[in-house]
Amino acid sequence: MALIALAGQGFLRGVGDLRTPLMVVGAANVVNVVLELLFVYGFHWGLDGSAWGRSSPRPAWASRS
């Protein structure tokens, strides 16, 4: 999944679109922070919540870049 995301970002940067990869990474980081807080502190999942919060936005991030 990460290889697809990196290839998409590389393609967009290669054709001169620098804004879209920046926006996708920024949005993925915001979603990551929200999910981390929700899963770790809201649901009291601890380390498992941190893992779920980190891995949940990855498919969406890869499909957008």
Side-chain angles (χ1 to χ4, degrees):
M1 194 66 66
L3 182 62
I4 296 169
L6 290 173
Q9 285 187 8
F11 172 77
L12 288 172
R13 289 178 182 162
V15 296
D17 184 5
L18 300 176
R19 186 171 300 255
T20 301
L22 175 68
M23 300 305 274
V24 169
V25 170
N29 284 331
V30 169
V31 169
N32 183 29
V33 168
V34 170
L35 289 178
E36 290 275 341
L37 292 173
L38 177 68
F39 292 161
V40 173
Y41 297 112
F43 296 151
H44 303 287
W45 287 357
L47 188 57
D48 292 335
S50 180
W52 277 103
R54 178 65 185 130
S55 61
S56 296
R58 283 185 182 241
W61 176 57
S63 66
R64 299 298 297 188
S65 50

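Quick note: residue numbers are just sequence positions, from 1. What's counted below: heavy atoms across the whole structure, side chains too, no hydrogens, waters or symmetry copies.
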Q) Would you say Trp52 and Leu38 are hydrophobically clustered, going by side-chain heavy atoms of ILVMFWY under 4.5 Å? A) yes
Q: Could you state whether Val33 and Tyr41 fall into the same hydrophobic cluster, counting links through intermediate Ile, Leu, Val, Met, Phe, Trp or Tyr residues with side-chain heavy atoms under 4.5 angstrom apart?
A: yes
Q: Output all residues satisfying side chain to side chain contact (heavy atoms under 4.5 Å, CB included) with Leu22, sequence neighbours left out; order by chain, then residue number.
A: none
Q. Is there a donor-acceptor contact under 3.5 Å from the side chain of Asn29 to the main chain of Val25?
A. yes
Q.
Using 0.5 Å steps for rounding, measure from the CD atom of Gln9 to the CG atom of Asp17.
A. 11.0 Å
Q: Only counting residues at least two apart or in another chain, list the ones meeting side chain to side chain contact (heavy atoms under 4.5 Å, CB included) with Phe11.
A: Val15
Q: Hey, can you tell me if Phe43 and Trp45 have their rings parallel, tilted or perpendicular (30° and 60° cut-offs)?
A: tilted
Q. Could you give the distance from CG (Leu12) to CZ (Arg19), rounded to the nearest 0.5 Å?
A. 13.5 Å
**Q.** Closest approach of Glu36 to Arg54 (non-hydrogen atoms, all atoms of both residues)
**A.** OE2-N, 3.5 Å
